[in-house]
Amino acid sequence: MPFFNPHKIKVILKILILGSGGREHAFSWKISQSELCSELFIAPGNGGTAEYGENIAVDINDFQAVKNICVSKGIGMVIVGPEEPLVNGIYDFFKNDFELENIIITGPSKAGAQLEGSKAFAKTFMEKYQIPTAKYKEFNVSNFDEGLDYIHKHSLPVVLKADGLAAGKGVIICQNYVEALAEFELMIQQSKFGEAGKKVIVEEFLDGIELSVFALTDGKNYVLLPEAKDYKKIGEGDKGLNTGGMGAISPVPFATEHFMQKVKERIIEPTIFGLQNEGIDYKGFIFFGLIKVNEEPMVIEYNCRMGDPETEVVLIRLKNDLAELFIAMDQQKLDTQKITVEKNNAVTIVAVSGGYPGIYEKGLPIEFLYLENPEARKHIDEGEGAIVFHAGTKNSGDKIVTNGGRVLAVSAMAEGLGDAIELSKTILEQIRFDNMYFRGDIGYEFVD
Ligand code: AMP
Ligand code: GLY
């Protein structure tokens with residue numbers, strides 16, 4: 001196999017990133033360091049991405065509008081951040097359009113995105129390819145009564161999942177039968193989650209510790225990015241409501257070589273084989289939401305994109321040129337790429353708007369006092385330092401204001417996890433907006 005080196009053949013591309021969160025700010029930061037990127041655009045972007053490229057206000061689910069940007073700007077690569085455009089078929093839209101078909105796009109196809117877009121599809125797929133996951137049964141209006149009976153006989157807690165995308169709210173862990181039967185009825189008979197929830201997966205509760213594993217695949221080969229652990233609950237000690245993610249760490253101490261070998265053999269490789277065997281076009285990220293149960297990895301869920309806030313720790317540890325990886329992915333040459341990872345510990349702590357994940361205010365001015373303090377104003381360099389990724393922010397006149405629930409993700413890296421956490425918190429203490437809140441215990445299980 002000839003060595004593949006896009007630097008040698010001087011591929012220089014204009015790159016478009018789709019999305020507006022902390023994940024997309026982290027992508028912008030990373031891509032802006034690539035010699036293969038001549039110009040960067042972010043649609044719609046946020047107050048932070050504007051530092052690395054040009055933000056373009058557009059609805060990323062309006063594929064014709066995305067096409068117009070690609071054609072008018074001469075885009076050569078599109079990096080899709082969130083799942084929605086993928087589940088809606090943006091990859092297929094590009095491949096079926098003669099003006100867009102040669103643009104490199106981080107997929108997967110609509111068929112592949114069902115791994116995230118349909119939990120029923122994902123469960124059937126895992127069953128077929130013998131990928132370890134919770135035992136389950138699928139129900140809809142036609143076998144509703146059978147479902148009631150199944151829940152009655154199920155052990156507690158029992159997990160109900162809406163089939164389609166439900167903005168992270170479609171999973172309900174029920175501690176008693178009254179709640180489980182009521183939720184089941186609401187989902188199927190009252191369309192609690194709209195069409196997305198009229199098909200319901202009822203599955204066993206898995207008791208263990210979760211981690212996120214990320215593969216980039218070209219449909220045949222894959223490379224493994226650094227793993228991460230996400231903290232989803234709003235409250236310290238993992239209490240309270242679920243959120244999009246309040247922080248993350250990488251590496252994950254229990255993801256030993258031995259454990260990761262099992263993940264590769266039992267989960268990643270059968271997944272990529274299965275996709276190929278089904279004839280599904282998949283060039284993009286696979287996010288494996290895993291749980292370790294009695295030392296064994298099992299799949300909780302698949303996503304067809306990178307995680308947020310996991311990306312804010314994964315990319316600061318990744319030493320490779322990301323654009324080069326995407327070019328190799330496009331050419332099905334990921335087998336020529338070797339991933340190199342910073343060994344130091346990374347953390348990201350998310351500052352959210354007071355009230356999140358419920359109702360919160362937007363448009364509050366953010367004071368970045370740390371920018372005035374040269375000591376705290378660090379950058380990631382040789383595995384040490386910090387960087388503030390914007391999630392829900394926007395420019396308003398000469399100010400940056402809050403524009404979402406998750407506002408900023410403060411990522412830091414140091415030799416020890418404890419030091420990385422301290423550094424992130426030092427920066428957070430020098431950021432202010434009304435009712436700002438962050439969890440002070442991210443990484444708590446792994447530090448003394
Ligand atoms: P999902 O939307 O599939 O990511 O699920 C959200 C969260 O619910 C997961 O991150 C887990 O913490 C939890 N969860 C989902 N399925 C199960 C399960 N079968 N057993 C235990 N926890 C689960
Ligand atoms: N942090 C979890 C996710 O991105 O789905």
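All ligand and atom numbering here is 1-based and tracks the order in the structure.
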Number the atoms of ligand 1 from 1 as they appear, then name those within less than 4.0 Å of a heavy atom of F205, with their elements.
-> 20 (N), 21 (C), 22 (N)
N or O contact, K232 vs ligand 1, cut-off under 3.5 Å = yes
Report the residues that fulfil ring pair (Phe, Tyr, Trp, His ring centres under 6.0 Å) with Y222, sequence neighbours left out, ordered by chain and then residue number.
-> none
Run the side-chain donor-acceptor check on residues 148-158: report pairs under 3.5 Å with partners two or more places apart or on a different chain.
{"unit_1": "D149", "atom_1": "OD2", "unit_2": "K153", "atom_2": "NZ", "d": "3.0"}

Element-labelled atoms of ligand 1 that are located less than 4.0 Å from some non-hydrogen atom of K161 = 3 (O), 15 (C), 16 (N)
When you measure from the side chain of S118 to the backbone N and O of G164, does any donor-acceptor pair fall under 3.5 Å?
->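 Between the backbone of G164 and the side chain of S118 there is no qualifying donor-acceptor contact (under 3.5 Å).
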Looking only at atom types and distance, does a side-chain atom of H25 sit under 3.5 Å from a main-chain N or O of G48, one as donor and one as acceptor?
->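 Here the side-chain-to-backbone pair exists.
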Select the closest option to atom 11 (C) of ligand 1 among E203, E210, E116, judged by heavy-atom distance.
-> E210
Could you name each residue pair satisfying salt bridge (charged side-chain N to carboxylate O under 4.0 Å, His left out) that touches residues 263-291, not counting sequence neighbours?
->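 Passing the test, one end in residues 263-291: K128-E278, R266-E296.
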Is E445 atom CD crowded by more than 12 heavy atoms from other residues, nucleotides or ligands, each under 6.0 Å away?
->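 Count over threshold, so yes.
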Would you say N320's side chain and T340's backbone share a donor-acceptor pair under 3.5 angstrom?
->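 Yes; judged by distance alone, with no hydrogens or angles, the pair exists.
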Identify which of D230, V171, V299, L206 has a heavy atom lying nearest to atom 6 (C) of ligand 1.
-> V171
Taking non-hydrogen atoms only, is K119 closer than 4.0 angstrom to ligand 1 via side chain, backbone, both or neither?
->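 Answer for K119: side chain.
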Is there a donor-acceptor pair closer than 3.5 Å between any side-chain N or O of T311 and the backbone N or O of D308?
-> no
Below 4.0 Å from any atom of ligand 2, which residues have a heavy atom? Give them in chain and number order, please.
-> D230, G244, F287, N303, R305, G307, D308, P309, E310
Short side-chain donor-acceptor distance under 3.5 Å, T243 and Y231 | no
